[in-house]
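Report on one structure; see the data block that follows.
Model, not experiment: these values are computed from the prediction.
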Amino acid sequence: MNHDSPFELLIATILSAQCTDRRVNQVTAKIFPEYKTPEDFLTLSQEALEDKIKTCGFFRSKAKNILACCARLVSDYDGRVPETLEALQGLAGVGRKTANVVASNAFGVPAIAVDTHVFRLSNRIGIVRETTVEKTELALQRKIPRQRWTESHHLLIHHGRYICMARKPNCEACPIQAYCHYYRGLLPEEKRKK
C-alpha cells in the first residue's frame, strides 16, 4: 500500500480490511494529500470520512475506528504512531494483523502479519498445519528465524497473489512445487481444490 509515513500506513492498513490494496491506494491517493496527520483527520465528521472511504467497504465502522484511532494518537501519543505491537493493538480498528503490518513495515520490528494469503499458503504448502490465523502466526514464528519474519510475510503474500491463488493455483508455474504438500497430494482430499 502506498504511504509516506507510519501514520499513512496505519490508516491504509485499517482501510485494507476486506478490501484490495489497489482500492485502498485509489482512496488514499485522494485523502492523503489533504489529510496527513491525526489532527487533520479529526477535522472531518464521521459522515464526511465515510463519504471519502465508501468504496473500501465497511466504511461506517472504518470511519468510526479511524477517528477514534486518531483521537487516541493525539491524546496519548502526541499524534505519533506507537512502535510496539501492544500499543498499536490498543488503537481502535487495529488488530493483530494491522499491528504486525505497521510495526514491521514502518518501524522494522520483525513480525509475520497473517492475512488470507499467508494463512492459506503457509497451510497449503505445508509450512504449518493450523486452523486459525493466530495459531498460524505463532507456528510460523517457531519455524522461521526471527530475522526473516517480515521478508517471509511479503514472499508468501506475493506468491499467493501471483502463483498460488485461492481458487486456481498455478502449480505448473510454481517454483516450489517439489516442496509443496498441496502439489504433492499430501493434504487430505477435502482440503485439495483442483
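His153 and Ala113 get closest at one heavy-atom pair: ND1-O, 2.7 Å. Nearest approach of Ala68 to Ala92, heavy atoms of both residues: CB-CB, 3.6 Å. What you find for Leu10 and Cys69 is that their closest heavy atoms are CD2-SG, 3.7 Å. When all heavy atoms are compared, the tightest approach of Gly160 to Arg120 is O-NH2, 3.2 Å. Closest approach of Ala111 and Ser104 over heavy atoms only: CB-CB, 3.9 Å. In terms of heavy atoms, Cys171 sits closest to Tyr183 at CB-CD1, 3.5 Å.
Checked by atom type, the side-chain pair Asn123/Thr136 shows a donor-acceptor distance below 3.5 Å.
In the hydrophobic clustering of ILVMFWY residues, with side-chain heavy atoms under 4.5 Å counting as a link, Val118 and Ile176 come out together. Tracing side-chain contacts under 4.5 Å through hydrophobic residues (I, L, V, M, F, W, Y), one reaches Ile125 starting from Val133; they form part of the same cluster. Using a 4.5 Å cut-off between side-chain heavy atoms of Ile, Leu, Val, Met, Phe, Trp and Tyr, with links allowed through other members, Val101 and Ile112 fall into different hydrophobic clusters. When hydrophobic clusters are built by joining Ile, Leu, Val, Met, Phe, Trp and Tyr residues whose side-chain heavy atoms come closer than 4.5 Å, directly or via intermediates, Phe7 is not grouped with Leu85. Follow the hydrophobic side-chain contacts under 4.5 Å out from Ile66 and you reach Leu73 in the same cluster.
No side-chain heavy atom of Phe119 sits less than 4.5 Å from a side-chain heavy atom of Lys135. For the pair Val74 and Thr37, the minimum side-chain heavy-atom distance is 4.5 Å or more. Between Ser152 and Leu140 there is no side-chain heavy-atom pair separated by less than 4.5 Å. Annotation: side chain of Leu91 is not in contact with side chain of Thr98 (no heavy-atom distance under 4.5 Å). In this structure the side chain of His117 reaches within 4.5 angstrom of the side chain of Arg161, judged on heavy atoms. Here the side chains of Asn105 and His154 are in contact, with some heavy-atom distance below 4.5 Å. Contact annotation: the side chain of Gln46 approaches that of Leu67 to within less than 4.5 Å [non-hydrogen atoms, C-beta and beyond]. Considering only heavy atoms from C-beta on, Pro6 stays 4.5 Å or farther from Glu83 through its side chain.
The structure places CD of Gln18 at 12.0 Å from SG of Cys56, a figure rounded to the nearest 0.5 Å. Here the straight-line distance linking atom CD1 of Ile31 with atom CD1 of Ile11 works out to 9.0 Å at 0.5 Å rounding. Taking CG from Leu42 and OG from Ser75, the interatomic distance works out to 9.5 Å, rounded to the nearest 0.5 Å. Summarising the geometry, atom CD1 belonging to Ile144 is positioned 9.5 Å from atom CG belonging to Leu155; distances are rounded to the nearest 0.5 Å. Between the CG atom in Asn65 and the CZ atom in Arg60 there is a gap of 14.0 Å [rounded to 0.5 Å]. Lys143 contributes atom NZ, which lies 14.0 Å from atom CD of Gln141 (distance to the nearest 0.5 angstrom).
Residue Phe58 qualifies as open at atom CZ: its count of foreign heavy atoms under 6.0 Å is 12 or below.
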Side chain to side chain contact (heavy atoms under 4.5 Å, CB included) between Lys52 and Leu44, worked out: CA-CA 10 Å; Lys52 292 179 182 302; Leu44 292 165; 3.8 Å; yes
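For Asn25 (side chain) and Met1 (main-chain N/O), no donor-acceptor pair under 3.5 Å exists by modelled atom type. Although no hydrogens or angles enter the test, the distance criterion places no donor-acceptor pair under 3.5 Å between the side chain of Glu50 and the main chain of Phe59. Under the 3.5 Å distance criterion, the side-chain polar atoms of Lys62 are matched with a main-chain donor or acceptor of Gly57. In terms of modelled atom types and a separation under 3.5 Å, the side chain of Arg72 and the main chain of Gly90 share a donor-acceptor contact. Of the possible donor and acceptor atoms, none in the side chain of Arg96 sits under 3.5 Å from a partner among the backbone N and O of Glu134.
For Arg23, the side-chain hydrogen bond (donor to acceptor under 3.5 Å, both in side chains) partners two or more places apart in sequence, or in a different chain, are Gln26.
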